[in-house]
Structures are given as structure tokens and as C-alpha cells.
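When a ligand or atom number is given, it counts from 1 through the structure's own listing order. Position 1 is the first residue of the sequence; numbering continues from there.
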Amino acid sequence: MKLVLLGAPGSGKGTQAQMISKKYGLPHVSTGDIFRHHIINKTPLGVRIKEIIDAGRLCPDDITEEIVKERLSRKDCENGYLLDGFPRDIAQATILDGFSSPDKVIEIVVDHSVIEKRITGRRSCPDCNGTFHTDIIGDVTVCPVCGGTLFTRKDDNSAAVKERLSVYKEKTLPLEKYYDDQGKLFKVNGDLPVEEVFYGIEKVLI
Ligand code: AMP
């Protein structure tokens, strides 16, 4: 099964992606995680894209396309994958259709007015890629899942979040129609507790 997961920043997309990946045995391919890995390891690509990502803008299409093509060509994606963070606009969706069209596209829909609060309290783990909210785990620095050292993403500040949301509305939201026209779009209410959102996704994947 080839899946694409859509959702605004702070929609809980990363958390749901991990749950889907575990239950359905699909490799979780997150372009954001791949880019952040390059930044942490200060690779030439990481150095090039750091400023763009920190500001909440989109990385150039050629780089992103190359990264996704390379990752999806690996053996673990032979029988399917879960794409998170790609495609981000119609141009990228057209590129994806050119080499590996998704079977289903799930969009996690959330009320944008609560997103900023959700994101600014978010803490991420570099080791297990988990994300947690300070409302739930408190202001701790140790990952409750794997013991890694939690950090706050540079692009989780108020200015970058506003930019990311505006990019999402302008560029990514048109994908709703693009995939709906192909009969592949399934919307799930993301304003519910994590387990209930996941239940909504399970119903789509039956
Ligand atoms: P995410 O973890 O999906 O929120 O992505 C974090 C950042 O990585 C984005 O704000 C972009 O700067 C960059 N990025 C991730 N995926 C893409 C993509 N498909 N196209 C361009 N830039 C991307």
C-alpha cells in the first residue's frame, strides 16, 4: 500500500504516521525528518537548507525530488510506504505520479486556530523521532519513549509557524482537489484525541 499523509504543521501528522507505520508495517518516509537529519549531521545538503527550514519556507524542488526518489527506490519501500511531508504542492504531486502514484491520500484536518499553541509546546526526539507536548509530559528534556534528549525544533517558533501555515494554505491545500479528482482523498478529523484520530485512519485503511 502506497500512502500519502497530508496535514498542516501541528496536525499530529508525525504521531499518526508513526502509529500507521507500526500497525501496517509501512516504512515512514518523512522528508522533514530526512532534511533535519542532514542538518544535525552538518552534511553539505544540511548546510545548504538549514536557513530555509528554520524560516519555515520550502526547500527547492530538485533537491526534494532527488531525496524522495532515492528513498522510495530502496528495498524496504518495494511493497509500499507512508509518505509524510511530500508532496507539498501540485508540482511535487505530479512528479510523484510520474514514478510512484499513491493508492490513498489521508488528510488530517485540524482547526488552524489551535495550531500555534500545539506547536509551540512541542518537543521532538532526535533518536526515535517522537513528538510530545509539554501539556502532557511537562517541561522535561528526556524522551519518555527512548530516553533521548528532547529538543524544540528551530522552526517551531511563532514566526516560522505562521510562515509554514501560510505555505500550507497556499501551496499544499490545493492537493485536496488534486487527489479528490483522482478519487484518492480521505479526510480524517484531527481535532480529536490521538487514539480516535487513529481509529478514523484505520477505517480508511480497511
Ligand atoms: P515537516 O517536518 O514536514 O514539517 O518539514 C519541515 C520542513 O522541511 C518544511 O518546513 C520545509 O522547509 C522542509 N520540507 C519538508 N518536506 C518538504 C517538501 N516536500 N518540499 C519542500 N520542503 C520540504
Side-chain angles (χ1 to χ4, degrees), residues 2-18 20-21 27-41 43 45-72 77 81-102 105-108 110 112 115-116 118-133 150-176 178-179 190:
K2 294 185 279 184
L3 279 185
V4 163
L5 197 55
L6 295 178
S11 61
K13 194 160 48 80
T15 303
Q16 295 298 329
Q18 289 199 333
I20 297 169
S21 168
H28 174 201
V29 177
S30 156
T31 43
D33 284 349
I34 296 173
F35 285 142
R36 279 185 290 279
H37 186 77
H38 278 278
I39 292 174
I40 288 168
N41 290 296
T43 66
L45 171 63
V47 171
R48 198 175 148 199
I49 59 177
K50 183 177 182 333
E51 209 178 304
I52 300 175
I53 292 200
D54 286 352
R57 300 195 310 272
L58 289 186
C59 297
D61 272 347
D62 55 340
I63 298 179
T64 312
E65 180 184 340
E66 198 182 309
I67 275 185
V68 173
K69 272 194 175 149
E70 188 281 323
R71 181 64 188 87
L72 297 190
C77 292
Y81 51 75
L82 171 63
L83 253 182
D84 161 9
F86 186 95
R88 222 59 173 213
D89 58 20
I90 302 276
Q92 292 185 357
T94 312
I95 287 169
L96 184 64
D97 275 343
F99 70 94
S100 184
S101 206
V105 176
I106 298 174
E107 182 189 5
I108 302 177
V110 288
H112 282 205
I115 281 179
E116 197 170 332
R118 273 194 183 199
I119 295 192
T120 43
R122 181 160 77 174
R123 301 290 177 267
S124 307
C125 178
D127 298 333
C128 70
N129 286 325
T131 51
F132 311 93
H133 200 283
L150 298 176
F151 69 101
T152 305
R153 273 171 55 171
K154 270 259 174 69
D155 59 349
D156 276 355
N157 67 73
S158 193
V161 169
K162 283 198 174 76
E163 176 65 19
R164 286 159 65 200
L165 270 177
S166 118
V167 169
Y168 187 80
K169 281 183 203 158
E170 185 198 335
K171 304 203 162 168
T172 311
L173 266 186
L175 289 179
E176 278 186 352
Y178 180 88
Y179 285 122

Checklist entry - Is the closest side-chain heavy-atom distance between Ile95 and Val68 below 4.5 Å? => result no
Item to check | Qualifying salt bridge (Lys or Arg N to Asp or Glu O under 4.0 Å) pairs with a residue from residues 157-168, counting only residues at least two apart or across chains | outcome: Glu116-Lys162, Asp155-Arg164, Asp156-Arg164
Checklist entry - Short question: side chain of Tyr168, backbone of Gly7 - any donor-acceptor pair under 3.5 Å? => result yes
Checklist entry - Is there a donor-acceptor pair under 3.5 Å between the side chain of Ser100 and the backbone N or O of Leu96? => result no
Next on the checklist: Donor-acceptor pair, distance only, cut-off 3.5 Å: does the side chain of Thr31 make one with the backbone of Gly85?
Outcome noted: yes
Item to check | Atom-level proximity to ligand 1, residues with heavy atom under 4.0 Å | outcome: Thr31, Gly32, Phe35, Arg36, Ile53, Arg57, Leu58, Cys59, Thr64, Gly85, Phe86, Arg88, Gln92, Arg153, Asp155, Arg164
Checklist entry - Which of these passes side-chain contact (heavy atoms from CB on, under 4.5 Å) with Leu175: Asp89, Val4, Leu6? => result Leu6
